[in-house]
Amino acid sequence: MQSFAELNPSQRLLLGPGPSMVHPRVYKALSTPIIGHLDPEFLQIMDDIQQLLRFVFQTKNQFTIAISATGSAGMESAFVNMVEPGDKVIIGVNGVFGNRMSDIVGRCGGTPIQIKKPWGQSIDLQEIEDQLKQAGGVKAVALVHAETSTGVMQPLAEVGKLCKKYGALLIVDAVTSLGGVPVKVDDWQIDICYSGTQKCLSCPPGLAPITFTDEAISIAKSRKTKVQSWYLDTTMIADYWSDKTRAYHHTAPISMNYALREALRLIHEEGLEKRFTRHKQSSLELFAGLQKFGLTPFVDESIRLPTLNSIKLSANIEEAKIRKRLLKEYNIEIGGGLGDLAGQIWRIGLMGESSQKANVVYLLAALAELL
Ligand SMILES: *Cc1c(COP(=O)(O)O)cnc(C)c1O
């Protein structure tokens with residue numbers, strides 16, 4: 001058999017659509033010796049994570065946990081627990097992730113009702129109300145808060161109230177927003193909200209923070225049909241995370257939970273407001289710098305995300321070639337466009353640890369050489 005070299009990847013500056021940079025304290029936490037997942041000391045760590053997650057989600061929801069899988073499992077968990085065969089779910093589709101939601105709802109036997117918008121736009125409140133009226137008896141409305149494929153931030157403040165008026169649940173994908181821009185689960189009356197660790201929480205990929213209101217949990221508990229997924233059935237996972245039962249369900253990824261706890265501790269130390277301001281500031285600095293090269297934002301300012309910055313490209317820019325050189329010569333990763341936007345935009349992630357003025361300055365300097 002051949003021999004295999006010791007693992008030694010290049011040191012990249014991660015300014016793409018995720019993963020983002022990881023703080024040294026989080027790497028240190030990852031290398032902490034593991035203990036048993038039912039060890040009282042580990043149970044305390046799970047409690048800490050729950051408290052810290054309630055802090056970042058701005059919620060009092062009891063069921064606020066980290067699912068042992070990536071962000072997509074958060075998405076899947078929201079739908080498999082809520083959707084039973086025949087249920088209608090309104091989904092805002094203005095990028096990649098609304099389509100993924102629709103696919104999952106279909107697999108649950110539900111009926112996805114799509115509100116389609118051109119990529120780069122958000123979903124209007126009026127369009128949601130029209131669909132709620134027209135379809136009738138809608139179980140849930142699902143929206144992507146931060147559409148990573150386009151850089152659009154979906155306004156959410158009024159949607160929860162509207163959903164309540166029509167007896168529908170509100171499910172929100174906050175994978176690229178949580179920890180970078182305000183996500184106010186309680187104020188915005190969101191019923192289920194999920195995220196991922198590797199975007200604005202600046203932890204390696206591997207866990208999906210999620211929160212359910214008591215009402216959403218009781219809906220899961222009173223289903224007519226069993227949740228199709230054994231692994232993501234929240235009624236069982238609730239017993240695992242509950243400080244009363246702690247019933248064995250699966251072995252929590254110990255090291256990832258260590259890492260998440262440290263990443264959340266960093267956010268708590270920094271404070272949410274300061275962190276959101278930092279994200280906004282870096283994004284403004286990036287766009288101000290890009291303007292000097294004649295590059296302009298793809299998304300209108302009123303709905304522009306500071307965590308995922310999409311930039312319009314003119315036809316004379318050999319975008320793939322420049323991205324390749326950024327990676328090879330400067331160790332900088334940025335993202336290209338997906339789907340219809342391939343070749344038309346760049347996606348520059350300024351998430352969590354990545355969102356620093358020094359990183360923006362370095363990227364702009366590298367681009368000045370290449371453009
Ligand atoms: C990244 C992302 C996901 C999926 O998360 P994974 O960790 O890649 O499974 C879901 N929704 C949005 C908006 C994302 O950006």
Side-chain angles (χ1 to χ4, degrees), residues 14-22 53 57 65-80 89 91-105 107 112 117 119-123 141-156 170-181 183 185 190 192-211 229 231-232 253 256-257 259-260 263 279 298-299 303-310 333-339 341 345-352 354-355:
L14 299 172
L15 302 180
S20 58
M21 298 302 281
V22 172
L53 282 178
F57 273 122
I65 64 151
I67 292 176
S68 306
T70 68
S72 302
M75 184 187 288
E76 190 131 20
S77 169
F79 294 110
V80 295
V89 181
I91 300 168
V93 181
N94 54 350
V96 165
F97 294 99
N99 278 318
R100 188 174 297 182
M101 287 173 158
S102 307
D103 188 1
I104 296 173
V105 167
R107 286 164 193 254
K117 288 302 281 269
W119 288 29
Q121 294 183 20
S122 60
I123 315 292
V141 172
L143 295 171
V144 179
H145 186 209
E147 186 38 91
T148 320
S149 59
T150 64
V152 166
M153 178 154 62
Q154 172 66 40
L156 286 176
L170 175 59
I171 296 173
V172 170
D173 178 319
V175 176
T176 295
S177 54
L178 190 72
V181 297
V183 176
V185 168
I190 300 169
I192 301 180
C193 188
Y194 59 84
S195 191
T197 43
Q198 78 275 26
K199 308 228 172 141
C200 304
L201 301 179
S202 267
C203 193
L207 294 175
I210 194 165
T211 184
S229 164
Y231 195 68
L232 296 175
M256 273 310 301
N257 278 281
L260 177 59
H279 279 80
F298 172 66
V299 175
I303 51 166
R304 193 180 301 156
L305 263 176
T307 56
L308 191 287
N309 302 272
S310 51
E333 176 181 276
I334 66 167
L338 295 176
L341 294 176
I345 61 167
W346 275 334
R347 293 180 303 146
I348 299 176
L350 295 172
M351 306 179 191
S354 299
S355 175

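The figures that follow rest on heavy atoms only: side chains count, while hydrogens, waters and symmetry mates do not. All ligand and atom numbering here is 1-based and tracks the order in the structure.
- A heavy-atom separation below 4.0 Å is not found between Gly196 and ligand 1.
- Side-chain contact between Trp346 and Ser310 is absent, with no heavy-atom pair separated by less than 4.5 Å.
- If you check which protein heavy atom lies closest to atom 15 (O) of ligand 1, you get Thr148 OG1, 2.4 Å.
- The one candidate from Val152, Val96, Asp173 that meets the side chain to side chain contact (heavy atoms under 4.5 Å, CB included) condition with Val144 is Asp173.
- Of all atoms in ligand 1, listed by their number and element, those nearer than 4.0 Å to a heavy atom of Thr176 are 15 (O).
- Here Ala146 has backbone heavy atoms under 4.0 Å from ligand 1, and that is the only part of it that gets that close.
- Side-chain contact between Val22 and Cys203 is absent, with no heavy atoms from C-beta onward closer than 4.5 Å.
- Using a 4.0 angstrom heavy-atom cutoff, Gly18 does not count as in contact with ligand 1.
- The shortest N or O to N or O distance between Val175 and ligand 1 is not under 3.5 Å.
- Counting heavy atoms under 4.0 Å from ligand 1, residue Glu147 does not touch it at all.
- Looking at Arg100 next to ligand 1, no N or O pair under 3.5 Å apart turns up.
- Near Ser72, meaning under 4.0 Å from any of its heavy atoms, are these atoms of ligand 1: 4 (C), 5 (O), 6 (P), 9 (O).
- The two residues Leu338 and Ser149 come nearest to each other via the heavy atoms CD1-CB, 3.9 Å.
- Protein heavy atom closest to atom 11 (N) of ligand 1, with residue, atom name and distance, is Asp173 OD2, 2.7 Å.
- The shortest side-chain heavy-atom distance between Ile190 and Cys193 falls under the 4.5 Å cut-off.
- Here the rule is side chain to side chain contact (heavy atoms under 4.5 Å, CB included) with Leu305, and of Gln154, Met153, His145 only Met153 fits it.
- Checked by atom type, the side-chain pair Thr307/Thr176 shows no donor-acceptor distance below 3.5 Å.
- Shortest contact from atom 3 (C) of ligand 1 to any protein heavy atom: Phe97 CE2, 3.4 Å.
- Here is the list of ligand 1 atoms found below 4.0 Å of a heavy atom in Gly71: 5 (O), 6 (P), 7 (O), 9 (O).
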Handout entry: Full working for side chain to side chain donor-acceptor pair (under 3.5 Å) between Arg100 and Ser72
Key = CA-CA 9 Å; Arg100 188 174 297 182; Ser72 302; 2.9 Å; yes
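- For atom 1 (C) of ligand 1, the closest heavy atom belonging to the protein is Lys199 NZ, 1.5 Å.
- Here the side chains of Leu178 and Cys200 are not in contact, with every heavy-atom distance at 4.5 Å or above.
- In this structure, atom 7 (O) of ligand 1 lies nearest to the protein heavy atom Gln198 NE2, 2.7 Å.
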